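Taking it in order: structure first as structure tokens, then the write-up.
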Amino acid sequence: MSGRIIYTIEARCRDCYRCLRNCPVNAISVMNGQASVDESLCILCGNCLKECPQNAKQYRNDIEKVKRLVSEFNTAVSIAPSYPAFFEEWECSRLASVLRKLGFKFIAETSVMATDVAVESIEYYRGNDKSLLSSACPSLVNYIEKHQPELTDFLAPVLSPMTVSAAKIKSELGMDWKVVFIGPCVAKKEEAERPESEGLVDAVITFEELYDWLKEESIDFKNYEESNFDQQSGGYSRLYALTGGMIKTALANADNLNEEIHYVCGWEEIKDSLSEIPKKKNFVEPLMCRMGCINGPGVIGEATIFERKRKVIDSFKKKSNALNCGERRPFTGKITRSFKRVNKVAIEKHDKEKIIKILNQKGIMTEEDELNCGACGYNTCRDNAEAVLNGKIELESCIPYMRRLAVQRTDKIIETSPNGIVILDSELNILHMNEAFKKFFACGNALLGKKISRLMDPEPFVRLKDGNNEIVELTEEHKNYNLICHQILYKLPEEEQYVGIFVDITSTILNEEKLNTMRRKVVEQARELLEHQMIMAQNLTKFLGESAAKGEELVEQLMQLSQEEKIHSPGKGNDWIWENYSAK
């Protein structure tokens with residue numbers, strides 16, 4: 001990315017389209033949720049840098065380049081006239097010492113040459129019979145060259161104070177010196193690489209980069225003494241960074257009530273002024289950043305724009321009184337310039353049928369459907385369709401289209417849900433029923449607008465409406481419909497509506513009842529079997545007891561008989577006894 005001035009860190013880009021919506025020239029492409037900068041269209045205004053909430057947009061950091069210049073060459077620094085806006089007064093008095101600590105050997109205020117540029121521009125305007133646009137703002141120059149080249153002839157052919165300041169420094173110190181510009185503008189990095197600045201401005205860093213460098217070196221202003229710049233300006237050139245500052249520098253009595261001389265800032269004002277340029281002779285000082293250079297993309301600090309403006313004005317008042325501002329020594333070097341006369345960036349135009357096809361895909365079927373809301377970053381729906389066809393953005397860049405898709409998907413989910421869903425208004429009238437609900441309660445669209453009490457007991461909804469709970473959950477039997485439902489009812493407070501979700505658990509309940517019945521039968525059968533077994537055991541015990549008693553009685557009889565035989569037939573053994581027993 002070292003060669004690109006503004007680029008995107010893809011890992012941080014979150015598909016928010018904010019940079020696209022805030023780019024005045026549609027130089028942002030968004031594909032697959034990733035934003036990228038089209039260099040052929042980009043004017044380096046820095047809006048995307050200021051607007052990106054994730055810091056995914058970054059600009060090229062040139063601190064290491066400046067460090068090398070400082071370490072290898074005699075290096076001077078030219079600091080933009082907006083610097084009092086970003087430092088406290090006591091810090092401004094020590095800024096020269098701090099810059100010398102960083103290694104710069106010559107410290108100059110860029111505004112030293114602002115008067116030359118302003119006066120040269122006004123004189124050129126007065127010597128011609130056409131309108132003139134100040135060319136000090138590099139973003140404005142980029143816009144004219146890339147997007148309205150037919151207005152190139154209206155640009156003042158005068159170098160910016162940055163380049164003229166560098167030329168003055170090198171004319172006095174030698175061309176072997178290096179010059180670094182510090183300011184709030186990212187577009188100055190590109191201006192330093194243009195042919196007219198070649199060999200004059202060797203590097204550009206922003207105040208933000210300077211601040212990071214100071215932190216890296218652990219430099220604290222409190223530890224340095226007050227000192228003066230080697231070149232410092234006075235007079236109205238110290239106001240050059242403010243809106244109208246250039247005109248005030250050239251014409252001390254100028255104000256914005258002059259119908260011929262104007263100053264504008266911000267894209268909307270510039271766009272309006274450019275439409276008037278060819279019509280009537282006017283001098284216009286345009287600055288792309290709202291409120292001027294004190295609001296560039298490379299600024300630091302938390303001060304408001306109005307606080308920054310006040311600080312610049314306060315510095316002007318104090319410095320102008322302290323310095324001899326009336327004496328001006330015009331720069332004798334060349335301060336004129338030329339501009340690129342390039343063809344307007346070609347954007348492919350597509351036939352009406354292709355555009356209509358894209359519009360239809362987004363649900364735009366008639367001209368009345370074209371909202372032209374501009375939320376996508378394009379002025380009209382047809383411009384958006386052109387960008388889609390050119391592969392710059394996706395259909396998803398259209399917010400109404402995405403909202404329509406979301407609603408359709410939500411509707412589809414509701415309509416295809418197996419659960420019954422009903423939506424009621426604040427009076428508990430039916431606003432919507434999905435197909436499952438209609439099937440559960442055997443109803444149709446004829447009940448829309450009717451009370452929910454027509455279908456069921458409204459008590460749960462009344463409880464939800466009148467109570468403090470946001471949700472009511474219950475299981476209820478609807479006997480008229482042979483239905484048992486688990487019901488979840490909740491509020492939509494902002495819409496003053498109530499939603500009911502009905503989950504059919506009839507089969508589950510019935511199956512559970514069948515299972516419980518089977519369980520009861522099994523238990524009963526088991527009890528009966530146990531009782532039967534106990535009776536059998538009792539009877540068996542009785543029979544065994546009787547049999548044992550009879551056996552015992554028989555044994556006793558046998559023993560008695562044996563004794564009797566021994567008495568009546570002595571000498572005979574047991575064989576005789578068993579023979580007689582068998583005979584019996």
Side-chain angles (χ1 to χ4, degrees), residues 5-6 18-19 21-25 27-28 37 41-52 57-60 79-87 110-111 114 117-118 133-147 155-156 160-162 181-192 204-211 237-249 256 262-274 284-313 315:
I5 294 177
I6 295 181
R18 188 164 174 174
C19 57
R21 289 194 295 273
N22 287 280
C23 179
V25 293
I28 306 291
V37 179
L41 299 174
C42 180
I43 61 174
L44 299 173
C45 64
N47 274 3
C48 58
L49 296 168
K50 293 188 283 188
E51 293 293 338
C52 181
K57 290 289 179 297
Q58 297 288 317
Y59 60 86
R60 188 183 70 204
I79 190 162
S82 57
Y83 77 88
F86 312 113
F87 298 97
T110 310
S111 53
V117 172
L133 292 165
S134 165
S135 57
C137 175
S139 289
L140 182 279
V141 173
N142 289 337
Y143 173 77
I144 296 296
E145 290 181 335
K146 292 183 177 182
H147 298 276
L155 286 170
S160 71
M162 175 189 77
F181 175 77
I182 302 177
C185 181
V186 172
K188 287 292 185 183
K189 291 176 180 284
E190 187 269 344
E191 182 186 342
V204 172
I205 60 173
T206 64
F207 287 118
E208 185 178 33
E209 289 171 279
L210 173 63
Y211 179 75
S237 63
R238 303 190 67 82
L239 301 175
Y240 203 91
L242 303 179
T243 306
M246 176 187 181
I247 293 174
K248 192 70 174 175
T249 300
N256 208 30
H262 311 277
Y263 50 85
V264 294
C265 65
W267 169 243
E268 293 300 325
E269 289 187 13
I270 288 177
K271 184 170 63 174
D272 287 344
S273 67
L274 293 182
V284 181
E285 177 195 343
L287 295 175
M288 275 288 179
C289 295
R290 187 170 60 90
M291 297 288 284
C293 300
I294 58 172
N295 193 32
V299 302
I300 56 174
E302 300 297 327
T304 65
I305 296 177
F306 298 101
E307 288 177 305
R308 297 172 195 168
K309 180 179 179 180
R310 176 187 54 76
K311 290 167 74 174
V312 171
I313 294 174
S315 175

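In this text the structure is predicted, and so the values were computed from the model without any measurement.
- When all heavy atoms are compared, the tightest approach of C289 to C45 is SG-O, 4.5 Å.
- A heavy-atom distance below 4.5 Å is not found between the side chains of Y240 and V312.
- In this structure, R238 CZ and S82 OG are separated by 11.5 Å, a value rounded to the nearest 0.5 Å.
- Across all non-hydrogen atoms, the minimal contact from A156 to S134 is CB-CA, 4.4 Å.
- Qualifying ring pair (Phe, Tyr, Trp, His ring centres under 6.0 Å) partners for Y143, counting only residues two or more places apart in sequence or in other chains: H147, W267.
- Atom CZ of R310 and atom OG1 of T304 lie 8.0 Å apart (nearest 0.5 Å).
- Expressed to the nearest 0.5 Å, how far CG of N142 lies from SG of C42 amounts to 8.0 Å.
- Partners of S160 under the side-chain contact (heavy atoms from CB on, under 4.5 Å) rule, at least two apart in sequence or in another chain, are M162, T163, K188, E191.
- Under the 4.5 Å side-chain criterion, counting only non-hydrogen atoms from C-beta, K146 is not in contact with L41.
- At least one side-chain heavy atom of R308 sits under 4.5 Å from a side-chain heavy atom of V299.
- Taking the side-chain contact (heavy atoms from CB on, under 4.5 Å) definition, one finds that E268 meets it with K271, sequence neighbours left out.
- With sequence neighbours excluded, no residue satisfies side-chain hydrogen bond (donor to acceptor under 3.5 Å, both in side chains) with R290.
- Side-chain contact between I144 and L274 is present, with at least one heavy-atom pair separated by less than 4.5 Å.
- Under the 4.5 Å side-chain criterion, counting only non-hydrogen atoms from C-beta, V117 is not in contact with T249.
- Taking each heavy atom of P84 and P81 in turn, the nearest pair found is CD-O, 3.3 Å.
- Put simply, the side chain of K57 reaches to within 4.5 Å of the side chain of V37, judged on heavy atoms.
- Looking only at distances, no side-chain donor or acceptor of E51 sits under 3.5 Å from a matching main-chain atom of N22.
- Between atom SG of residue C185 and atom OH of residue Y59 there is a gap of 10.5 Å, rounded to the nearest 0.5 Å.
- Contact detail for T243 and G292: the closest heavy-atom pair is OG1-N, 3.4 Å.
- Minimum interatomic distance between I294 and A85 (heavy atoms only, all atoms of both residues): CG2-CB, 3.9 Å.
- A 4.5 Å side-chain heavy-atom check between C293 and P184 finds at least one atom pair inside the cut-off.
- Nearest heavy-atom pair across G296 and K50 is O-CD, 4.2 Å.
- Every residue meeting the salt bridge (charged side-chain N to carboxylate O under 4.0 Å, His left out) condition with E209, not counting sequence neighbours, appears here in chain and number order: K189.
- The backbone N or O of L44 sits less than 3.5 Å from a side-chain atom of S139, completing a donor-acceptor pair.
- When each of N47, T206, L49 is paired with P297, the side chain to side chain contact (heavy atoms under 4.5 Å, CB included) condition holds for L49 and for no other.
- Using a 4.5 Å cut-off on side-chain heavy atoms (C-beta onward), F86 and K311 make no contact.
- The CD atom of E269 sits 10.5 Å away from the CG atom of L287 when rounded to the nearest 0.5 Å.
- Judged as a ring pair (Phe, Tyr, Trp, His ring centres under 6.0 Å), and not counting sequence neighbours, the contacts of F87 are F221.
- The line from CD1 of I43 to CG of L140 is 8.0 Å long, rounded to the nearest 0.5 Å.
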